Amino acid sequence: MKKYIHYLFAGLLLTTFYSCKKSTQLDIPNPNVSDESNFWQTSNDALLGINAVYGNFYRNGAPHSRWTPFYMDIRSDDGYSTSPWNELRSVGGLNITQYSFEVNYDTWWHHWRGVYRANQVLARVPGITMDQALKDRILGEAKFIRALYYFNLVTIWGNIPLILQPSLPSDKPSQVPQAQVWAQIEKDLTEAAASLPPSYTGNEIGRATKGAAYALLGKALLQQKKYQPAIDAFAWLVTGAGQSLYDLVPVYGDNFKHTTENNKESVFEIQFKMRPENSGEDGPTSNVGTSRAPFFAPPGHGFNDANMNRWVVHEFLKETTAAGGRDPRLAATALYDSTDERGPDFTLVYGSTFTSKNYNNDIRNRVWYRKYLDDYFRINQFEIFNSPINFRVIRFADVLLMYAEALNAVNRTNDAYAFVDRVRERAGMRKLSVAMPGLNQVQFQKQLEHERVMELTGESVRWNDLARWGYFDDAAKLAELKARDPEFNNFVIGRNKFMPIPQIEIDINPNLIQNPNW
């Protein structure tokens, strides 16, 4: 499936078409049109169905395309927005007042569209007579993707419905306790891990694997602070049967380029491909690129809607490599006046020096997220809405750090060191076991928070990290965020941990209740 997703037209929203004969009231179905009555018959239908579930990833509000990074990165303490679009800027500013504006609504309903498509596969494919192994795999893929959508829905909005069957227009679902959503995520991923293959070959590369299911399961368990079960899930990739499949690639920056995708460090990534933009949805010539880059690129090459706080750069500079140099991850993470440590005369911004951009003094202090920008091949160009760079939803480095976090949480701090060491050594840093031996549990956790900034900034994990570590529920911890990011002065404990549900959804469904204090 690598870069070649085949589509089911109309996005599986299959409709019966009718023709009328003269003035009679008789409706005669067109036998040449696919609808619910004649689809879902063959193994090819099942494959088209699951491919359409993957196809939803190209929508603006789906995971890790255009809008989700604003929720996970810009809303966090490492990011902020200078967008002239007030509503978009308000997401990062934690002061949203228009709950139904495009970004919030698209993110909500494109996630639910993904759930709907997965539910169709899970409801219809079991009844198809076909190869059992292929059927099990397709159902496992649908469960994995449904769990991924629900992971985002429950961490962005908190109080959501749990829909497990194909929806009908008349449905008005109620919200369920968050624990019930998490339980379904765990169930889906446990069952997916049991039926998915460890790997694929050829054009099938990019589909959900057993390792992806175990990694997302571990991440979901860790988010709930179920540490030992999380350890057990991560272990399949780190020390268990799947360990030979994953490793860290030698060059850190290769994780964010389209020329080095689906490598050994990739646990699951969304497949994007450059095609003409604005070419429709769910068809053979659809734009299947990601439109993230224009919103994250600096002036002259993008809309300059997303910025990184300068404190992240200073965090990188706190420690040198074992050879006395600068952490190489900084240059891959941040685009600013000294991405090249020799300064603005040597730092290249889309092929031209930072100095030549004539940025004013205010912008010289600005930093942009560099990961997933096309600056290495779109030289002196403006970013457009069809970037081909796959988004790495889960990298093995992230798994190693999450595994270490869970081990530390169950008082296995000494065991946890080795997995942080692997991540640091790839970057040329001294082993943590050498640089900071003998840390206690609290100290090790604090150091892990630093390590995750160094390794994962700009990869849409920060918001959930902060939530898991209690920064949104504790006034003292919240004060740390305010010191790093003034936008957190707008954060109200008991409100801003979750986004407001789009008001249009509240208006049409009387069973939905708005999140507290919105």
Side-chain angles (χ1 to χ4, degrees), residues 73 77-80 82 248-260 265 292-383 387 389 395 397 423-432 435 450-459 462 484-485:
D73 296 311
D77 61 333
D78 60 34
Y80 67 101
T82 55
L248 303 178
V249 296
V251 179
Y252 175 77
D254 283 350
N255 289 299
F256 317 107
K257 296 180 178 179
H258 71 294
T259 53
T260 46
E265 190 164 343
R292 169 191 171 120
F295 296 87
F296 277 69
H301 304 282
F303 304 131
N304 188 37
D305 288 318
N307 300 256
M308 183 188 298
N309 277 309
R310 192 88 177 195
W311 71 262
V312 179
V313 173
H314 299 315
E315 193 76 9
F316 272 98
L317 300 177
K318 286 181 178 179
E319 185 181 1
T320 62
T321 65
R326 196 172 76 171
D327 189 330
R329 294 173 292 187
L330 175 55
T333 300
L335 186 60
Y336 71 114
D337 60 341
S338 295
T339 294
D340 185 311
E341 55 191 304
R342 292 172 295 177
D345 290 341
F346 297 90
T347 294
L348 295 181
V349 181
Y350 288 81
S352 301
T353 66
F354 194 98
T355 301
S356 71
K357 296 296 179 181
N358 294 317
Y359 291 147
N360 60 36
N361 289 333
D362 176 61
I363 292 183
R364 283 179 64 89
N365 292 317
R366 299 265 288 280
V367 186
W368 295 273
Y369 294 88
R370 192 178 188 185
K371 291 173 180 175
Y372 300 109
L373 291 184
D374 298 328
D375 66 312
Y376 62 94
F377 75 92
R378 276 184 168 146
I379 305 301
N380 290 319
Q381 295 181 37
F382 195 90
E383 293 276 13
S387 174
I389 306 175
R395 290 195 290 118
V423 175
R424 287 172 60 91
E425 281 189 288
R426 190 261 298 274
M429 312 302 287
R430 288 188 299 162
K431 291 182 178 181
L432 189 64
H450 166 82
E451 301 294 344
R452 289 186 67 81
V453 171
M454 302 299 94
E455 182 68 23
L456 297 163
T457 290
E459 298 183 48
R462 181 65 175 172
R484 292 195 289 262
D485 182 357

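These numbers were taken from a predicted model, which means no experiment stands behind them. Residues: numbered from 1 along the sequence shown.
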J.: Can you tell me if H301 and Q381 form a side-chain donor-acceptor pair at under 3.5 Å?
T.: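 There is no such pair (donor and acceptor under 3.5 Å, judged by atom type) between the side chains of H301 and Q381.
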J.: Kindly write out the residues that satisfy salt bridge (Lys or Arg N to Asp or Glu O under 4.0 Å) with R430, not counting sequence neighbours, or none if the list is empty.
T.: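 R430 satisfies salt bridge (Lys or Arg N to Asp or Glu O under 4.0 Å) with no residue once adjacent residues are dropped.
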J.: From the options T333, D77, V312, select the one residue that forms a side chain to side chain contact (heavy atoms under 4.5 Å, CB included) with V453.
T.: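 It is V312; the other options fail the test.
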J.: Got Y80 and T82 here, is their nearest side-chain heavy-atom distance under 4.5 Å?
T.: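 When only atoms from C-beta onward are counted, T82 and Y80 do touch, with a gap below 4.5 Å.
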J.: Using the side-chain hydrogen bond (donor to acceptor under 3.5 Å, both in side chains) criterion, which residues pair with R424? Sequence neighbours excluded.
T.: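 Scan of R424 (side-chain hydrogen bond (donor to acceptor under 3.5 Å, both in side chains), adjacent residues dropped) gives E319, E451.
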J.: What heavy-atom pair brings V249 and R426 nearest, and what distance separates the two atoms?
T.: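 In terms of heavy atoms, the two residues are closest at O-NH1, 2.9 Å.
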J.: Any cation-pi pair here, R292 with F296, using under 6.0 Å and within 45°?
T.: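 Here R292 passes the 6.0 Å and 45° test against F296.
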J.: State which residues pass side-chain hydrogen bond (donor to acceptor under 3.5 Å, both in side chains) with T320; sequence neighbours excluded, sorted by chain then number.
T.: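 T320 satisfies side-chain hydrogen bond (donor to acceptor under 3.5 Å, both in side chains) with no residue once adjacent residues are dropped.
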J.: Please check if the side chain of N309 supplies one atom and the backbone of W311 the other of a donor-acceptor pair under 3.5 Å.
T.: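 Such a contact is absent between N309 side chain and W311 backbone.
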J.: Does any non-hydrogen side-chain atom of T321 lie less than 4.5 Å from one of R326?
T.: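 The answer is no, as the side chains (C-beta and beyond) never meet within the 4.5 Å cut-off.
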J.: Closest approach of L373 and A293, non-hydrogen atoms and distance?
T.: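 For L373 versus A293, the nearest heavy atoms are CD2-O, 3.9 Å.
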J.: Centres of the H258 and Y376 rings: under 6.0 Å?
T.: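 Judged by ring-centre distance (under 6.0 Å), H258 and Y376 do meet the cut-off.
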J.: Compute the ring centroids of F382 and F303, then answer whether they are less than 6.0 Å apart.
T.: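 So the answer is yes for these two rings.
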J.: Could you walk me through whether R310 and D337 pass salt bridge (charged side-chain N to carboxylate O under 4.0 Å, His left out), step by step?
T.: CA-CA 11 Å; R310 192 88 177 195; D337 60 341; 3.0 Å; yes
J.: Do L330 and Y336 touch side chain to side chain, with heavy atoms closer than 4.5 Å?
T.: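 L330 vs Y336: side chains touch.
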J.: Quick one: does any side-chain atom of K371 pair with a main-chain N or O of A334 as donor and acceptor, under 3.5 Å?
T.: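 It does not hold such a pair.
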J.: Which value, rounded to the nearest 0.5 Å, describes the distance between N307 atom CG and N304 atom CG?
T.: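 Those atoms lie 5.0 Å apart.
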J.: Counting only N and O atoms by type, is there a donor-acceptor contact under 3.5 Å from the side chain of T347 to the main-chain atoms of D340?
T.: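 Looks like yes, one N/O pair under 3.5 Å.
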J.: Nearest 0.5 angstrom please: D73 CG to R462 CZ, how far?
T.: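 Spacing of CG (D73) from CZ (R462) equals 10.5 Å.
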J.: Restricting to non-hydrogen atoms, name the atom on P298 and the atom on V349 that form the minimum distance, rounded to 0.1 Å.
T.: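 Heavy atoms only, the tightest pair is CG-CG1, 4.0 Å.
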J.: If the condition is salt bridge (Lys or Arg N to Asp or Glu O under 4.0 Å), which residues does R395 pass it with, not counting sequence neighbours?
T.: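 R395 satisfies salt bridge (Lys or Arg N to Asp or Glu O under 4.0 Å) with E265, E455, E459 once adjacent residues are dropped.
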J.: Is it the case that the side chains of S352 and N380 hold a donor-acceptor pair, with the cut-off being a distance below 3.5 Å and no angle test?
T.: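 Side chains of N380 and S352: pair found under 3.5 Å.
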J.: Are any of the side-chain heavy atoms of D375 and R370 separated by less than 4.5 Å?
T.: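 Sidechains of R370 and D375: in contact.
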J.: Could you measure the distance from the CD atom of E315 to the NE2 atom of H450? Nearest 0.5 Å is fine.
T.: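 So the CD of E315 and the NE2 of H450 are separated by 5.5 Å.
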J.: Once salt bridge (Lys or Arg N to Asp or Glu O under 4.0 Å) is applied, do any residues pair with D374, and if so which ones, sequence neighbours excluded?
T.: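 Partners of D374 by the salt bridge (Lys or Arg N to Asp or Glu O under 4.0 Å) criterion, ordered by chain and then number, come out as R378.
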J.: Do you know which two heavy atoms are closest between A332 and G253, and how far apart they sit?
T.: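 Nearest pair, atom of A332 first, then G253: CB-CA, 4.3 Å.
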J.: I'd like to check D78 versus R484 (side-chain heavy atoms, cut-off strictly below 4.5 Å). Are they in contact?
T.: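 A side-chain contact under 4.5 Å is absent here.
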J.: Evaluate the side-chain proximity of P344 to T353: yes if any heavy-atom separation is below 4.5 Å, no if none is.
T.: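 No, their side chains stay 4.5 Å or more apart.
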J.: Within the structure provided, determine whether T457 and Y369 are in side-chain contact (heavy-atom separation under 4.5 Å).
T.: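 Answer yes - side chains close enough.
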J.: Search all heavy atoms of G351 against all heavy atoms of I379 and return the closest pair with its distance.
T.: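 Scanning both residues, the minimum pair turns out to be CA-CG2, 3.8 Å.
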J.: Can the ring centroids of W368 and Y359 be said to lie less than 6.0 angstrom from one another?
T.: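 They qualify: ring centres under 6.0 Å apart.
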J.: Work out which heavy atom in Y372 is nearest to a heavy atom in N255; give both atom names and the distance.
T.: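 So the minimum-distance heavy-atom pair works out to OH-O, 4.1 Å.
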J.: So, using ring-ring contact (aromatic ring centres under 6.0 Å, His included) as the criterion, who are the partners of F346 when residues are at least two apart?
T.: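 Counting only residues at least two positions away or on another chain, F346 forms no ring-ring contact (aromatic ring centres under 6.0 Å, His included).
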J.: Roughly how far apart are F354 CZ and L335 CG, rounded to 0.5 Å?
T.: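 Between F354 CZ and L335 CG, I get 7.5 Å after rounding to 0.5 Å.
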